[in-house]
Each structure stands twice: as structure tokens, then as C-alpha cells.
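Working notes for the structure below.
In this text, all values refer to a predicted model and were calculated from it rather than measured experimentally. Numbering of ligands and ligand atoms starts at 1, following listing order.
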Amino acid sequence: MDLNEENTIIWENFINLLKSKIAMVSVNSWFKNCKIYKIEDSSENNKPIKIITIESSSNFIRNEIKKRYTDTIEELMESILGKPCNIKFIIPEEKENTNNTEVKNLTTETVIPVEKSSTYEQNYSFSSNLLSKYSFDNFVIGDSNRLACSASKSVSEQPGKLYNPFFIHGKSGLGKTHLMHAIGNYIENTSNLKVLYVTSEQFITDFTSINMKKDADYTEAFKAKYRNIDVLMIDDIQFLGNAEKTQQEFFHTFNNLYDMNKQIIISSDRSPDDLKLLEERLRTRFSWGLTVNIYPPDIELKKRIIKNKMSGHAVAKLVDEEVIDYIASNSENDVRHIEGAVTRLYAYAAIMGPHKIDLQFANEALKDYIKNSIYMDSNISKIQKAVADYYKITVEDLKSKKRSANINYPRQVAIYLCRNYTDESFPKIGLEFGNRNHSTIIHACDKIKEDLKENQTLREIIKQIKNNIS
Ligand code: ADP
Ligand code: MG
């Protein structure tokens with residue numbers, strides 16, 4: 001396969017995945033005439049990364065894609081290529097400058113890197129930094145996040161009036177950033193208020209660059225950016241750390257906005273009381289408003305999040321219910337990890353083109369992603385252990401391809417027990433016995449059932465094994 005062909009396939013996979021992330025109309029309007037120009041290997045902080053240059057038809061399209069979808073593109077490309085990705089763009093005019101054929105001659109002027117941190121220029125051309133992909137509509141509610149979500153909605157309906165400041169805390173990956181953007185987007189869509197979302201790193205960067213430049217214009221720009229706004233959101237405030245000067249500046253910014261009844265929204269991975277590195281006076285101010293906690297999702301919520309994430313995608317109808325259970329019960333209590341599992345499953349499906357996405361397929365697709373062996377502490381593994389102990393063989397033997405009678409018979413006993421004393425399905429059991437197919441499992445069950453009718457010793461053995469199941 002030549003490189004062009006490979007890039008085309010990667011791009012097609014990407015577009016397929018993208019359809020599950022953003023509306024079809026957006027895929028068509030922004031991505032239709034784009035393609036991969038090249039993919040290069042590079043490194044960042046000593047880790048290998050891929051640099052993907054996307055060719056778009058015009059400067060306008062490029063800027064819009066950059067603004068709206070950089071994170072999404074990077075995330076999806078990472079799931080396809082298996083390495084962190086940085087995205088760059090090129091347009092046809094720029095290609096001509098490079099003599100067309102000499103790809104290596106591309107200079108940094110011709111490929112515009114995506115800027116992530118806020119810069120001097122951005123202070124003049126104001127950007128809210130909001131990501132439109134996060135909304136209340138695509139936030140799935142359960143017991144663990146209901147309060148946080150309904151308080152967020154109230155804040156977005158009456159910014160500056162109800163809960164000020166509004167402080168959301170919870171472990172990483174539970175939806176804090178999502179809720180903040182949802183609030184910001186709601187306010188932008190329903191009012192003329194000016195919203196600014198920044199991470200605490202961005203705030204620090206903006207602030208330290210004033211100190212370095214000591215340029216009056218720049219100081220004004222900083223003030224204009226952080227004070228002429230109606231809603232300020234600072235994400236992951238724990239990273240404000242002990243940068244004393246930055247904290248002071250934040251304190252002033254906070255007071256200034258608060259006095260003008262402007263809404264302040266803050267998120268953190270811990271409660272205000274636990275933000276030991278923040279000055280006492282800042283922590284006190286956080287407690288003036290409302291503090292809500294987001295808890296880890298329970299299994300029901302996880303399942304609904306998975307379904308929500310899967311829906312709308314072309315292959316969603318191929319997915320067995322069991323696969324959803326499997327991901328929900330084996331992923332970490334972190335929605336980011338859950339989403340990663342779905343993305344990976346779909347990326348694998350895009351490559352393999354399966355007729356159905358069943359447990360076996362999911363297990364294969366996610367084997368490096370979901371750490372623990374899937375049924376580690378399940379009833380199946382307990383039965384396997386008890387049977388192996390009784391017959392003085394190993395669990396590996398039971399799962400192996402070995403067909404000698406001293407292993408095959410215990411294996412059939414174990415399969416029989418799994419089928420009759422757990423709720424596990426034939427495919428699940430097959431999977432746990434070295435990926436054996438349906439008919440082998442059924443045959444084993446029938447065989448032992450028959451034997452039991454005649455064989456008193458076997459009945460005793462099974463009784464004993466059952467007593468030994470821990
Ligand atoms: P945090 O900021 O708390 O670390 P994020 O808001 O970045 O977490 O959430 C991680 C990912 O999980 C995001 O892609 C987000 O959209 C998703 N997510 C989290 N909670 C939910 C939810 N309740 N419904 C839908 N998606 C969610
Ligand atoms: Mg976050």
C-alpha cells in the first residue's frame with residue numbers, strides 16, 4: 001500500500017469516527033474537502049508523537065476547523081494511530097510555494113501550527129475559548145452528577161445572580177470541564193454576555209507574559225481580557241499552585257469581577273478546603289458561593305454514557321448489549337477512560353469491518369486498554385480455580401488448547417459449572433476458556449449432564465468442588 005492510499009484509509013476511518021462525535025452537517029461542511037497531506041513521526045517530551053498535516057481547501061475552512069475541532073481531531077487520530085497526535089494544516093496555495101513535489105522543503109511558515117495557549121494577539125482579538133461540542137444536551141445525568149448539573153444549569157440561566165462564585169470539584173474525568181463549557185455555551189447562546197474560559201495554566205501564562213514584557217499595552221490587554229467580561233471560568237484551579245504573584249493577580253481579578261456581580265466559575269480536583277497551596281483569603285472567597293461535588297459514576301450511569309457515546313454512529317447497531325456491560329464493568333470510574341474505550345472499539349471496527357460487535361470482538365479490541373483480565377474476580381474465574389485445584393492442574397491448562405483427557409475432562413466440568421451456577425452466557429464462557437466456540441461449550445455441558453445421570457462419583461466431585469468455590 002503506498003503512503004497516499006494509507007493516508008486515505010486513515011482519513012476515512014477518521015471521518016467515520018468523527019460522525020459519532022459531531023453532527024453530520026458539520027462533518028460535511030468542514031471536512032468534506034479535506035484530506036491528509038502527510039503524517040510524520042516526531043517527539044514531544046521524549047515521547048513519540050505523530051504530526052499530521054491536514055490539507056484544507058481554503059484558509060477560512062482551516063481557521064474554522066482549527067478553532068472548533070483541534071482537540072477532537074487529535075483525540076480521534078490518537079485512537080487510530082495509537083500515538084499522541086499534533087495537527088497542522090496546509091492549504092493548496094502554500095503547497096505551490098514548496099514546488100509541489102518537495103514535501104521536505106515545507107517550512108514552518110507554510111504550515112501553520114495550531115496555537116494552544118493564549119497569546120498577545122488573542123488578547124486583542126478576543127476568544128471565549130469555548131468548545132461547542134460540550135453542551136447540557138450531551139451531558140448524561142445520574143445520581144453522582146445530578147446536583148452539579150442542575151446547579152450548573154441554574155448558573156447558566158442567571159449568571160452572576162444565584163451562585164457566585166460557583167465552584168465545581170471532583171476527580172479527573174468526571175465532567176467538570178464539560179459542565180463549564182456547557183454553562184458558557186448556554187450563556188453565549190441565550191444572551192449577549194461575554195464569557196471567558198481559561199485553564200489556570202492559561203491564566204498563569206497570560207500573567208507571566210505581562211511580567212516579562214512590562215509593556216503598558218500588554219498590561220492593558222491583560223486587564224481588558226480578564227476584566228471586561230461577564231463570566232470568568234477558570235478550570236483546574238489547583239494548578240494555580242503556589243505562584244504567589246499569579247494568585248494575587250487572580251485575587252484582584254476575582255474581587256473586581258465579583259464586585260460588579262460578574263459570574264465566576266471555578267473547577268478543581270479537590271474541595272476549596274483541600275486547596276492547601278492557595279492563599280487562605282482566596283479559599284474563603286470560594287466558599288461565599290455554592291460548591292458542588294461530582295462523584296464517580298455508578299454502573300447504570302456508565303452504561304448510559306456508553307450508549308449515548310455510541311449512538312448515532314454507523315456501527316452502533318452492531319453492538320451487543322453485553323459489550324456495553326463489559327465496558328461499564330471493566331473501565332475505570334472515569335468518563336474519559338470510558339469514552340476512550342468506545343473510541344477505540346469503533347476505531348478497531350472501522351479497520352476490521354465486523355458483522356457484529358460482540359464480547360469477543362470487544363475483548364480483542366480493548367485488550368491493551370482495559371487493564372485487568374476481564375473476569376478477574378468473576379464467578380467464572382472462581383469456578384476455574386476450584387476445578388483446577390481439585391484436579392491438580394492449573395487454570396492455564398483449563399484455558400489452553402490441550403486436549404488430553406486429564407485436562408479435557410476437568411475443563412468440561414468447569415464449563416458445566418459455569419453454565420449452571422453463574423448467569424454468564426455461552427459466548428462469555430467460551431471467551432474465558434481460551435476463546436472456545438459456542439458448540440464446544442454446549443457439547444461440554446451436555447456431556448457432563450449425561451455423565452451425572454449415571455455417575456455417582458462425579459456427583460460427589462461436583463459437590464466437593466462447589467463447596468470449595470470461594
Ligand atoms: P474533568 O474536567 O472533570 O476532568 P471532563 O469534563 O474533561 O472531565 O470529562 C471527560 C470526558 O468525559 C469528556 O469528554 C466529557 O464530555 C465526558 N463526560 C464526563 N461526564 C459526562 C457525562 N455525564 N455525560 C457525557 N459525557 C461526559
Ligand atoms: Mg477538566
Subject >> Heteroatom distance test (Ile141, ligand 1): nitrogen or oxygen, under 3.5 angstrom >> reply: no
**OP:** Apply side chain to side chain contact (heavy atoms under 4.5 Å, CB included) to Tyr326 and Asn363, showing your working.
**Re:** CA-CA 9 Å; Tyr326 164 57; Asn363 188 40; 3.3 Å; yes
**OP:** Distance to 0.1 Å, residue and atom name: give those for the protein heavy atom nearest to atom 2 (O) of ligand 1.
**Re:** Thr177 OG1, 2.7 Å
Original post:
Is it true that the NZ or CZ of Arg281 lies under 6.0 Å from the centre of Phe251's six-membered ring and within 45 degrees of the ring axis?
Top reply: yes
Original post:
Would you say the side chains of Arg336 and Ser172 form a donor-acceptor pair under 3.5 Å?
Top reply: yes
Original post:
How would you list, by chain and number, every residue that makes a ring-ring contact (aromatic ring centres under 6.0 Å, His included) with Tyr134, sequence neighbours excluded?
Top reply: His178, His181
Original post:
With a cut-off of 4.0 Å, which atoms of ligand 1 are near a heavy atom of Val335?
Top reply: 12 (O), 17 (C), 18 (N), 19 (C), 20 (N), 21 (C), 27 (C)
Original post:
Looking only at protein heavy atoms, which one is nearest to atom 8 (O) of ligand 1, and how far off is it?
Top reply: Gly175 N, 3.1 Å
Original post:
With side chains defined as the heavy atoms from C-beta onward, is the minimum distance between Asn256 and Tyr226 less than 4.5 Å?
Top reply: no
Subject >> Point-to-point distance, once rounded to the nearest 0.5 Å, from CZ of Phe433 to NZ of Lys399 >> reply: 8.5 Å
Original post:
Should the pair Arg419 and Phe426 be classed as cation-pi, given the thresholds of under 6.0 Å to the six-membered ring centre and 45° from the axis?
Top reply: yes
**OP:** Report yes or no: is the cationic atom of Lys153 (NZ for Lys, CZ for Arg) under 6.0 Å from the centre of the six-membered ring of Phe136, at an angle within 45° of the ring normal?
**Re:** yes
Original post:
Which protein heavy atom lies closest to atom 16 (O) of ligand 1, and at what distance to 0.1 Å?
Top reply: His178 ND1, 2.6 Å
Original post:
With under 30° as parallel and over 60° as perpendicular, where do the rings of Phe286 and Phe167 fit, or are they tilted in between?
Top reply: tilted
Original post:
Hey, does Gly170 sit under 4.0 Å from ligand 1 if you only count heavy atoms?
Top reply: no
**OP:** May I ask you to list the atoms of ligand 1 that are less than 4.0 angstrom from any heavy atom of Lys176?
**Re:** 1 (P), 2 (O), 3 (O), 4 (O), 6 (O), 8 (O)
**OP:** Applying side chain to side chain contact (heavy atoms under 4.5 Å, CB included), run through Ile22 and Phe31 and close with a yes or a no.
**Re:** CA-CA 11 Å; Ile22 69 175; Phe31 291 89; 4.1 Å; yes
**OP:** Tell me which protein heavy atom sits closest to atom 24 (N) of ligand 1, plus the residue, atom name and distance to 0.1 Å.
**Re:** Val140 N, 2.8 Å
Subject >> atom 25 (C) of ligand 1: nearest protein contact (heavy atom, Å) >> reply: Asn138 O, 3.3 Å
Original post:
Can you tell me the protein heavy atom closest to atom 13 (C) of ligand 1 and the distance?
Top reply: Glu339 OE1, 3.5 Å
**OP:** Just need the protein heavy atom nearest to atom 1 (P) of ligand 1, so name the residue and atom and give the distance.
**Re:** Gly173 N, 3.4 Å
Original post:
Can you tell me if Met180 has an N, O or S atom under 2.8 Å away from the Mg ion (ligand 2)?
Top reply: no
**OP:** Quick one: look up the protein heavy atom nearest atom 7 (O) of ligand 1 and list residue, atom name and how far away it is.
**Re:** Arg336 NH2, 2.9 Å
**OP:** Give the numbers and elements of all ligand 1 atoms closer than 4.0 Å to a heavy atom of Asn145.
**Re:** 23 (N)
Original post:
Side chain, backbone, both or neither: which part of Asp235 has a heavy atom under 4.0 Å from ligand 1?
Top reply: neither
